[in-house]
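Working notes for the structure below.
We name chains A, B, ... by the order of the sequence lines, and we start the count at 1 in each one. The analysis underlying the following values was restricted to heavy atoms, covering all of them including side chains, and did not include hydrogens, waters or symmetry mates.
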Amino acid sequence: MRFLLTHYRAFSTRIAVSPNSQICYFARLGQIKNARKVFDGLPEKTVVSWNSIISGYFQNNQHREAQILFDNMPERNIISWNGLISGYIKNGMITEARKVFDKMPERNVVSWTAMIRGYVQEGMIREAEVLFWKMPERNVVSWTVMLGGLIQECRMDDACRLYDAMPVKDVVARTNMIGGYCKEGRLREAREIFDEMPRRNVVAWTTMITGYAQNNRVDVARKLFEVMPEKNEITWTAMLMGYTQCGRMEEALDIFEAMPVKSVAACNAMILGFGMNGQAEKARMVFDRMWEKDDGSWSAMIKVYERKGFELEALNLFASMQKKRVRPNFPSLISILSVCASLASLDHGRQVHAQLVRFQFDLDMYVASALITMYIKCGDLVKAKQVFDGFTPKDIVMWNSIITGYAQHGLAENALQVFHKMFSSGIIPDDITFIGVLTACSYTGNVDEGLQIFESMRSKYNVEPKTEHYACAVDLLGRVGRVNEAMNLIENMPVEADAIVWGALLGACRTHKKLDLAEVAAKKLLQLEPQNAGPYILLSNLYASQGRWNDVADQRKNMRARSVNKFPGCSWIEVDKKVHMFTMADSSGHPEHAVIMKMLEKLAGLLREAGYSPDGSFVLHDVDEEEKVNNLRYHSEKVAVAYGLLKVPKELPIRIMKNLRVCGDCHSAIKLIAKITGREIILRDANRFHRFKDGLCSCRDYW
DNA sequence: TCAACTCAGC
């Protein structure tokens, strides 16, 4: 406060500034009330005073007050009228601007240019062009505004013609052309204009540098950067991002450290740079050391955590952002929504939904789809459908989200119902739609219907089946044991079968114990994805189930030789808005470890009493029976179930998440646990949902 | 002192 006062005193006493410029000064600072005070205190208000205060209100997005003042002006000049046009345009009111333009007593080149600029800003290029060719005289600014409109619409060839026709080309027009060419990757043409420029400013240099950096020529960008006469913060940031976006973090860091002023934008770029290149800790270090953060800093850090699988960190950071009373912005809310979806954290998801509503972000179609996906992944289909139904018009992504959602929950009938409704309401299904529909049929064993839809994709819907769709078809056939037909289908594919297709066949072979075809599929898979642990594990599980321990050992050796690691299984559960994570065979880090272990012992006893015997064929290792039983008991999904039985109120279902597919033995065990304890248990694994109740699972043992 | 124009990040 004291700062502001002294600042103001210095300003008003240093020079004899006119009151009108004081009005502008305050308006620019966003202190429109102070500007108004100066205006109201004027004994004599000239037309310039009126113009200044009106412009001030428009600058501060208060068009009503500006309008009232304009209507009450004692006299107006052409600048007043032009100010009204540009004011409306600043506030996005193009129709009002045009009304003023049509009724004003006289127009000059500024009036025309302002109006054209308004159309360009709204993307109404046709209207802009009509006015441009109609205007009685043009100057370099009018030409440049029109040029900018064409470039904005990516009409570079039209822009080039207009540019050639310009009688005078100034720095702005040339720089704009350079930027336009760079965005299209036409670096040679951009460079030609740059080289021909009689006078270059920092902006031109920066545009050229950005152009090279965004088109995989970061070293050329660096050369220009080294020789340019003067750099500003934007230049440094552009160079920095050139390096971060191609993953050259050492050079990015050099630039960052050499920067004279580390702007917030540059820091944010470093956060994203480190984070997206797999160095989340370093990103966090930059974040923590920042002198001041903007909302971009927070959303960048949250995005990094979300994309790199640090879901809990993302949630924590989002919470501390709110504790610091930083208003969540659009990108951070979207990131956190996706975190809620992957964690299946329904409580957090609901909170974020409420915030989206409060800030009116939920009116966005993209957000609606993200919300639907979140509710589906959290297992709340009713709420997902509610968001879906409440939003019109619906785009294809929304339809696809809900269809895929039903598929993951094993509700083929609902998925097909929505699919037909979508088609009859005039939305053309795309390839994603069919993945959802075919998966739905596959998960429920609707083989004939699924195959029928697969056959009709091209003929009825004009959608060319891709490898993913073939994978679904292979899955459909494979699930019911028609493995040879599946193999036939693969051999007659018009495109090369990929890992997903072979994976589907391998899964079927495992279920139906078709050892010979399994080996074929697994070997194909190993060729395509030598680093993927999946085929090694499937194959060695297959050998293990037949007691071929030597072959199992060979697979393990192969895995080690190619340094393939089995992705560790982990499960988690949300209790009281807190996520509890368990990894296989180890819950010792959990504060309630002892109680959990006791519960697991008790469950094992209950299962034995119910006549349950563990199915050892699901275990990978060649170990004796007793240890096998132990390994099964401590699979992460069982630990999470035990914790859920301890913590979740009796009337509520227990919701568990697992990062891999549920293990076959756990699946049998949880069915029984649900029956013995009378609880409903919902398990989301990597592929789909399992709802266990009364000794049965909603997947009907297909998964 | 009042009206029309280009560059980075979100």
Output yes when [X] and [Y] qualify as a salt bridge under the 4.0 Å nitrogen-oxygen rule, no when they do not.
X         : Y         : value
Glu196(A) : Arg174(A) : no
Asp288(A) : Arg284(A) : yes
Glu306(A) : Lys303(A) : no

Is there a residue in [range] whose heavy atoms reach under 4.0 Å of DNA chain B, and which residues are they?
range                       : result
residues 331-341 of chain A : Pro331(A)
residues 133-164 of chain A : Asn139(A), Val141(A), Thr144(A), Val145(A)
residues 223-252 of chain A : Ile234(A), Met241(A)

Tested for side-chain hydrogen bond (donor to acceptor under 3.5 Å, both in side chains) against Tyr88(A), the lone hit among His63(A), Arg98(A), Glu96(A), Gln67(A) is Gln67(A)
Just jot down the salt bridge (Lys or Arg N to Asp or Glu O under 4.0 Å) partners of [X], sequence neighbours excluded, or say none.
X         : answer
Arg107(A) : none
Glu233(A) : none
Asp157(A) : Arg186(A)

Looking at residues at least two apart in the chain, or sitting in another chain, which of them share a side-chain contact (heavy atoms from CB on, under 4.5 Å) with Asn176(A)?
Ile151(A)
Boundaries of the DNA chain B segment in contact with chain A, non-hydrogen, under 4.0 Å
dT1(B) to dC10(B)
Results of ring-ring contact (aromatic ring centres under 6.0 Å, His included) for Phe287(A) - residues two or more places apart only:
Trp298(A)
Among residues two or more places apart or on two chains, list those pairs meeting side-chain hydrogen bond (donor to acceptor under 3.5 Å, both in side chains) that have a residue in residues 199-211 of chain A.
Thr206(A)-Thr235(A)
In residues 223-230 of chain A, what donor-acceptor pairs under 3.5 Å come from side-chain atoms, sequence neighbours left out?
| from | atom 1 | to | atom 2 | distance (Å) |
| --- | --- | --- | --- | --- |
| Glu226(A) | OE2 | Arg222(A) | NE | 2.5 |
| Glu226(A) | OE2 | Arg222(A) | NH2 | 3.1 |

Could you list the donor-acceptor pairs under 3.5 angstrom formed between side-chain atoms of residues 321-328 of chain A and any protein atom two or more places apart in sequence or on another chain?
| from | atom 1 | to | atom 2 | distance (Å) |
| --- | --- | --- | --- | --- |
| Gln322(A) | NE2 | Gln355(A) | OE1 | 3.4 |

